[in-house]
Amino acid sequence: MTTKNLIEDLRWRGLIHQTTDEAELSKLLQSEPQTIYIGFDPTASSLHVGHLMQVMMLRRFQQAGHRPIALVGGATGMIGDPSGKSEERNLLSPEQLQSNVDGVGKQMKQFLVFDGSSGAKLLNNFDWMQGYSYLEFLRDVGKNFPVGAMMGKESVRSRLESEAGLSYTEFSYMLLQAYDFVYLCREHNCRIQAGGSDQWGNITAGIDLGRRMLGKQLFGLTAPLLTTSDGRKMGKTEKGAIWLDPDRTSPYEFYQYWINVDDADVMRCIAYLTEIHRDEYDSLAEQTASDPGRRGAQKRLAQWMTELVHGAEGIASAQRATSILFGGEIEKATDAQLGQIFADVPSVETDRSVLSGEGWWIVEALQKSSLVKSSSEARRSIKEGSVYLNNRRVTDMDVRLTEADLASETVLVLRRGKKKYALIRFTTNR
RNA sequence: GGGGGUUUGUCCGAGUGGUUAAAGGAGACGGACUGUAAAUCCGUUCGCUAUGCGUACACAGGUUCGAAUCCUGUAGCCCCCA
């Protein structure tokens, strides 16, 4: 994709929320390859769906021939960005921060190309901040920040008006981020910073500082936040964030998250997060409108995202699991198949001997599997018809499980409700 | 420091000394319908060795055949006076 198309594409996708001096920015991008940076807060050791917009933004620029810098905020993460936060952040320990920086950095490699002429860079602002003394920083940087202007920033104002207030530490946050921009401009000739719309204040602070300290014009570009049609942040379930790390959120869960995206949100997700082209987008939009039941857009979105994040193997196993889990009875499977399909489903082991003789009471099995909290709940569930053995509904409370109920050599599949599965493996020791 | 009020299940909120495991609502969890959706409808929502039993209405004790309901003390919250 050429630069000219890049801007057009971003606009079409609705990814441009605000920019500074758009005409000039556009000219700059077309004159020669530029360097663009986005900062990431290392609040956890993995990125989550909420970060994907920004990661994709860098990727889009890279594909148009520009050099992306993913800045992991080892230093700024120690302070905490007050933007969009209603309360003071708890500070992370340096060790925790370091392991988060490592984790996030590793994930970046999956989305950006790190070699070649427009190879991405992964930088940590702790590297240039750690040796910067407080006195020097105040003289070089602080001097250029009129408190009046700082007070005017939305992130500061909203916090000052709220109960929670704002500590001096968080108040100072924008100086650090502003300095990052200046540093990157000076050392890496980076003149563009992008981010979510909540970063506008921080970005413009950096631009001001760049003008004062370097006499250079810097540029900012923000993307809208990824929210659902009813205004909540995307990428979260009741259980928490959808992580990119397969150990935190399995490929199957990840895939399912996108499959379940609301009709009202799905096209926006495709525009914001994927690289699906316009013609396909249009036909998916058309299909969602005329035949929403097919959920063609959701399936395509889920497939694209899962493949990007978890690769060909991840998408294959997610789809395989989906077809079994939402299919009919499970019979004559092998341990290997079930193990793969239910890789992320909680499983427990118990001794095979319980299956012999009388058999194992289903109520006990349910408790053992943690699908229910008490035997009362187990009985209730059976009465309500929400318990399934190998995907076949159990209606009789006195059912006893025997060898004949195994779905494969040693595994039996329990389910409660529509989507909650548990595996029980029977082992023979000695 | 003195006086008054309040404290119920996940949350909100009724509750007459006696079918009160506690009305009603929310939430949650199921089921039907559907598109693995939304809306709607229905059911469930303390535990157990389960047509019975045990715990439970801030906590401890008391009155009574019987208490979430009455009395006393302790604690939390709220209001008024100093």
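Proteins come first, then strands; the chains are lettered A, B, ... in the order of their sequence lines, and each starts at number 1. We use all heavy atoms of the structure for the numbers below, so side chains are in, but hydrogens, waters and symmetry mates are not.
Separation of atoms OH (A/Tyr388) and CG (A/Asn390) is listed at 13.5 Å; rounding is to 0.5 Å. With rounding to the nearest 0.5 angstrom, the NZ atom of A/Lys420 is 8.5 Å from the OG atom of A/Ser381.
Comparing A/Lys373 and A/Asn260 by the nucleotide of RNA chain B that holds the closest heavy atom to each, the one mapping nearer the 5' end is A/Asn260.
Comparing B/rC48, B/rG35, B/rU36 by their nearest atom to the side chain of A/Ser376 picks out B/rC48. In the set B/rG35, B/rC33, B/rG30, the nucleotide with an atom closest to the side chain of A/Glu384 is B/rG30.
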Can you name the atoms? Protein N/O to nucleotides 52-56 of chain B N/O, anything below 3.5 Å, with the distance.
none

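Here A/Arg278 pairs with nothing under the salt bridge (charged side-chain N to carboxylate O under 4.0 Å, His left out) rule; sequence neighbours left out. Taking the salt bridge (charged side-chain N to carboxylate O under 4.0 Å, His left out) definition, one finds that A/Asp208 meets it with A/Arg211, sequence neighbours left out. Residues that satisfy the ring-ring contact (aromatic ring centres under 6.0 Å, His included) test with A/Phe342, not counting sequence neighbours, are A/Tyr421. Listed by chain and residue number, A/Glu24 satisfy the salt bridge (charged side-chain N to carboxylate O under 4.0 Å, His left out) test with A/Lys27 (two or more places apart in sequence, or in another chain).
Using a cutoff of 4.0 Å between basic side-chain nitrogens and carboxylate oxygens, A/Glu377 and A/Arg416 are scored as salt-bridged. The existence of a salt bridge linking A/Glu22 and A/Arg11 is confirmed by a sub-4.0 Å separation between a basic side-chain nitrogen and an acidic carboxylate oxygen.
Using a 4.0 Å heavy-atom cutoff across all strands shown, A/Arg416 reaches sugar-phosphate atoms only and no base atom. Among the heavy atoms of the strands, none lies under 4.0 Å from A/Glu377. At the heavy-atom level, A/Ser374 lies under 4.0 Å from the strands shown only through sugar-phosphate atoms.
A donor and an acceptor atom, one from each side chain of A/Thr43 and A/Asp41, are nowhere located under 3.5 Å apart. In summary, the side chains of A/Asn125 and A/Gln177 do not present any donor paired with an acceptor at a separation below 3.5 Å, with no hydrogens or angles considered. A/Tyr257 and A/Glu253 share no side-chain donor-acceptor pair at under 3.5 Å. In the model, A/Thr410 has a side-chain atom that pairs as donor or acceptor with a side-chain atom of A/Asp335 under 3.5 Å.
Side chain of A/Arg67 to main chain of A/Gly119: a donor-acceptor pair is present (N/O by atom type, distance under 3.5 Å, no hydrogens or angles). Side-chain N or O atoms of A/Arg425 include none that pairs as donor or acceptor with a backbone N or O of A/Val411 at under 3.5 Å.
For RNA chain B, no neighbouring residue in residues 354-362 of chain A is found when judged by any heavy atom under 4.0 Å. Taken residue by residue, residues 283-292 of chain A places heavy atoms nearer than 4.0 Å to RNA chain B at A/Pro292. Using a 4.0 Å cutoff on non-hydrogen atoms, the parts of residues 301-322 of chain A near RNA chain B are A/Thr322, ordered by number. Taking a 4.0 Å limit (strictly below) on heavy-atom distances, residues 386-394 of chain A reaches RNA chain B at A/Ser386, A/Tyr388, A/Arg393.
Between the OH atom of A/Tyr257 and the C1' atom of B/rA37 there is a distance of 14 Å, rounded to whole Å. Distance A/Ile382 CD1 to B/rU45 C1': 17 Å, rounded to the nearest Å. The CZ atom of A/Arg415 sits 16 Å away from the P atom of B/rC29 (whole-angstrom rounding). The separation between A/Lys383 atom NZ and B/rC29 atom C1' is 15 Å, rounded to whole Å. In this entry the distance linking CG of A/Asp262 with C1' of B/rG35 reads 12 Å, nearest Å.
One finds a side-chain N or O of A/Ser375 lying less than 4.0 angstrom from the OP1 or OP2 phosphate oxygen of B/rU49. Side-chain N/O atoms of A/Lys419 include one lying less than 4.0 angstrom from OP1 or OP2 on B/rA37. At least one side-chain nitrogen or oxygen of A/Arg295 sits closer than 4.0 Å to the OP1 or OP2 atom of B/rU36. Listed pair A/Lys420 / B/rG30 meets the phosphate criterion, a side-chain N or O lying under 4.0 Å from OP1 or OP2. Between A/Arg380 and B/rA28 there is no side-chain polar atom (N or O) within less than 4.0 angstrom of OP1 or OP2.
Note: A/Phe171 and A/Tyr168 have tilted aromatic rings, judged against thresholds of 30 and 60 degrees for the angle between ring planes.
For the pair A/Asp180/A/Thr76, a side-chain contact is recorded, criterion being any heavy-atom separation below 4.5 Å from C-beta on.
Within the structure, side-chain hydrogen bond (donor to acceptor under 3.5 Å, both in side chains) contacts touching residues 105-123 of chain A (residues at least two apart or in different chains) are A/Ser46-A/Gln107, A/Lys121-A/His188. Sorted by first and then second residue, the pairs that involve residues 389-408 of chain A and meet salt bridge (charged side-chain N to carboxylate O under 4.0 Å, His left out), not counting sequence neighbours, are A/Glu329-A/Arg392, A/Arg352-A/Glu403.
With the 3.5 Å cutoff on both pairing distances, Watson-Crick and G-U pairs in RNA chain B assemble into runs of at least 3 at B:1-7 with B:75-81, B:10-12 with B:24-26, B:27-32 with B:40-45, B:46-48 with B:52-54, B:58-62 with B:70-74.
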